[in-house]
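In what follows, a single structure is set out as structure tokens and then discussed.
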Amino acid sequence: MSKELSSPNGTHDVLPPQSRRWEFLIGTFSELARRGGFGLIVQPLFEDVAVFNRGIGEGSEVARKEMYVFTDRGDRTFALRPEGTAPVARAYVQHHPTPPWKVWYATPAFRYERPQAGRYRQHHQLGVEVLGTDDPLADAEVIALAHDFYTAIGLSNFSLLLNSMGDRECRPAFVDTLRGHLQSRVADLCPEHVATASENPLRVIDCKKPQCREVISQGPVLDDHLCEACRDHFGAVGDALDAMGISWIRQHTLVRGFDYYNRTTFEFVSHALDGAQNAIGGGGRYDQLVEDLGGDPTSGIGFGSGIERLLLARVAEGISDDGLDDVRGLDAFVIDTTRDVRVTSLISSLRHAGLAIDRAYDSKSMRSQFKVADRSGAAIALIIGPTELEKNAVTMRWLRNDNDMEPVSVAWDDVARTLKRWRGK
RNA sequence: GUGGGCGUAGCUCAGCUGGUUAGAGCGCCUCGCUGUGGCCGAGGAGGUCACGGGUUCGAGUCCCGCCGUCCACCCCA
């Protein structure tokens with residue numbers, strides 16, 4: 001058993017019927033993104049490591065110790081994507097699309113961390129990015145899309161946390177002030193952040209340790225240092241959210257883990273999930289990222305949301321998966337004891353007619369084929385034995401107890417039509 | 001990177017202070033019922049007790065190691 005091959009630590013196979021929930025999430029997201037004017041982007045799973053080192057920042061936790069970095073046979077250094085935004089910015093630089101450029105994606109993301117509940121080495125994100133505008137309405141629409149998506153998949157017990165990180169006009173001054181404050185109180189910080197305090201003071205802001213919180217609460221607040229442009233921008237985002245009826249909470253300590261963020265940052269947290277893994281999605285504005293990757297100055301805003309976390313949140317909120325769980329959505333199951341080629345042809349024609357049909361294999365007895373049919377969740381059995389074959393007919397019968405309609409004989413030419421009628425299609 | 005819990009059948013698990021051929025429920029297969037599933041009954045397949053070493057007359061059980069996995073910290077989705 002121990003020698004059996006298995007999926008790597010922190011990765012998982014998603015099998016039916018569980019994978020129906022994935023289809024549901026991805027399908028819902030794709031539809032909402034389409035309605036928002038976003039087009040699908042499909043990208044490589046690995047990129048030149050510079051995309052991430054320059055993009056999310058070499059000082060960030062993720063770039064420092066969580067990336068899957070490897071060299072290929074040509075000695076090029078790549079990294080499996082730890083997130084979705086930097087690669088989109090890289091694509092923008094490479095292809096020069098006409099702004100505003102709105103794309104959505106569904107992608108795996110890889111981070112070398114110790115796995116635990118809601119955190120995996122390969123997880124999956126649904127997200128969108130808008131490049132080429134710094135209009136606060138874009139921020140609001142991106143946030144609204146996330147909000148509407150969560151609602152559409154049944155979530156209600158969550159909050160939107162919103163903050164502004166300032167921009168390159170006003171943030172440096174704040175960071176200096178903050179660094180000064182932290183250094184004056186360095187003895188009171190948690191050990192973890194003693195070094196961080198001078199290197200990347202912003203990181204300390206969202207530390208959850210009481211001693212750091214104490215120091216931070218007595219320090220400067222970013223909001224007081226925002227320049228007029230940032231203040232106006234943030235106000236416009238909030239106003240637009242209010243206009244859409246989306247409530248939000250200002251959280252001054254919201255500092256996200258990637259260095260490319262400026263101005264708007266946000267995070268959706270589920271109250272149904274406890275522990276540290278309660279963020280179901282997050283994102284923000286990144287007005288220097290494209291430049292950092294070698295492109296012309298281009299603003300951007302986007303968010304990503306973890307599929308696994310969303311599914312956990314749905315379970316935690318007690319959302320029913322009726323209609324997703326057990327059914328493969330089969331219209332009919334064919335029970336055939338003849339193995340006549342005409343049955344193969346019939347099944348093919350029913351599928352061409354848009355019906356979902358399955359059948360048993362391996363010449364099982366009629367009795368055991370019925371068991372397989374029952375297990376398949378199909379609504380209707382199409383029975384073909386020697387008697388039916390002779391008449392070019394099938395016996396149609398309901399498999400569910402909630403319908404006691406008598407079996408009827410139907411000619412092959414009429415099976416598709418009758419099946420559609422019975423199924424209300 | 002740090003710290004804990006757990007590895008026994010396909011799945012969920014029980015196996016007392018070490019004691020003969022290792023158990024249950026569910027699932028699977030066959031049959032009762034030659035062409036009718038679900039319910040019921042009978043039977044069956046399926047385990048080097050994660051792996052390696054040690055203690056012992058004897059180890060699923062105790063000790064050491066190792067691997068896997070889950071959970072927590074850090075950080076994130």
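In what follows, every chain begins at residue 1, and chains take the letters A, B, ... in the order their sequences are listed. All values reported here derive from a predicted model rather than from experimental measurement. The analysis underlying the following values was restricted to heavy atoms, covering all of them including side chains, and did not include hydrogens, waters or symmetry mates.
- Nucleotides rA50(B) and rA22(B) have their P atoms positioned 15 Å apart, rounded to a whole Å.
- At rC67(B), none of the side-chain N or O atoms of Asn9(A) fall inside 4.0 Å of OP1 or OP2 (strictly under the cut-off).
- For the pair Asp139(A) and Arg285(A), the salt-bridge criterion is met [side-chain N within less than 4.0 Å of a carboxylate O].
- In this structure, Gly127(A) reaches neither bases nor backbone, as no heavy-atom distance under 4.0 Å exists between it and the strands shown.
- Among the duplex regions that RNA chain B forms, those built from at least three successive Watson-Crick or G-U pairs under 3.5 Å are B:1-7 with B:67-73, B:10-13 with B:23-26, B:28-32 with B:40-44, B:51-54 with B:62-65, ordered by first number.
- In this model, a side-chain donor or acceptor of Gln277(A) finds a partner on the base of rC75(B) within 3.5 Å.
- Lys371(A) and Asp374(A) are not joined by a salt bridge, as no carboxylate oxygen comes within less than 4.0 angstrom of a charged side-chain nitrogen.
- Between Gln122(A) and Thr11(A), the side chains place no donor N or O within less than 3.5 Å of an acceptor N or O (distance only, hydrogens not considered).
- Taking the C1' atom of each, rU2(B) and rC16(B) are spaced 36 Å apart, rounded to whole Å.
- Nearer to the 5' terminus of RNA chain B, by closest-nucleotide assignment, is the contact made by Thr11(A) (compared with the other of Arg309(A) and Thr11(A)).
- Side chains of Glu129(A) and Thr85(A): a donor-acceptor N/O pair is present below 3.5 angstrom, by distance only.
- Within the 4.0 angstrom heavy-atom criterion, base atoms lie near Glu113(A).
- Remark: the separation of the P atoms in rG27(B) and rC62(B) is 33 Å, to the nearest Å.
- Atom CZ in Phe158(A) sits roughly 17 Å away from atom P in rA77(B) (whole-Å rounding).
- Under the ring-ring contact (aromatic ring centres under 6.0 Å, His included) test applied with Phe149(A), the options Phe24(A), Phe268(A), Phe29(A) reduce to a single match, Phe29(A).
- Taking atom P in both rC49(B) and rU21(B), one finds a spacing of 13 Å when rounded to whole Å.
- In this structure, CD of Glu308(A) is placed 13 Å from P of rC70(B), rounded to the nearest angstrom.
- Across rC66(B) and rG4(B), the matching P atoms stand 14 Å from one another, rounded to whole Å.
- Annotation: Gln218(A), atom CD; neighbour count of heavy atoms from other residues, nucleotides and ligands within 6.0 Å is above 12.
- For the 3.5 Å distance criterion, the side chains of Ser159(A) and His271(A) qualify, holding a donor opposite an acceptor.
- Comparing the C1' positions of rG52(B) and rA9(B) gives a spacing of 23 Å, expressed to the nearest Å.
- Residue-level contact check: Ala373(A) touches neither bases nor backbone, having no heavy atom under 4.0 Å from any strand.
- OP1 or OP2 of rC75(B) has not a single side-chain nitrogen or oxygen of His123(A) nearer than 4.0 Å.
- The phosphate of rA72(B) (OP1 or OP2) has a side-chain N or O of Gln116(A) nearer than 4.0 angstrom.
- With respect to Asp292(A) and Arg54(A), no salt bridge is recorded, no charged nitrogen being found less than 4.0 Å from a carboxylate O.
- Only the C1' atoms considered, rG25(B) is 28 Å distant from rC51(B), to the nearest whole Å.
- Separating the C1' atom of rG47(B) from that of rG38(B) is a span of 31 Å, rounded to the nearest Å.
- Under the 6.0 Å distance and 45° angle rule, Arg121(A) counts as a cation-pi partner of Tyr112(A).
- Residues Thr337(A) and Gln369(A) bring no donor and acceptor atom of their side chains to less than 3.5 Å of each other.
- Among the atoms of the strands shown, base atoms are found under 4.0 Å from some heavy atom of Arg114(A).
- Rounded to a whole Å, the NZ atom of Lys65(A) is 9 Å from the P atom of rC75(B).
- Using a 4.0 Å heavy-atom distance criterion, Tyr120(A) is classed as a base contact.
- Remark: P of rU69(B) and CG of Asp13(A) are 12 Å apart, rounded to the nearest angstrom.
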Problem - Protein proximity profile, nucleotides 29-39 of chain B - base contact B, sugar-phosphate-only contact S, no contact -, cut-off 4.0 Å on heavy atoms - result: S-BBB-BBBB-

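- Taking 4.0 Å as the cut-off between side-chain N and carboxylate O, Arg168(A) and Glu291(A) count as a salt-bridged pair.
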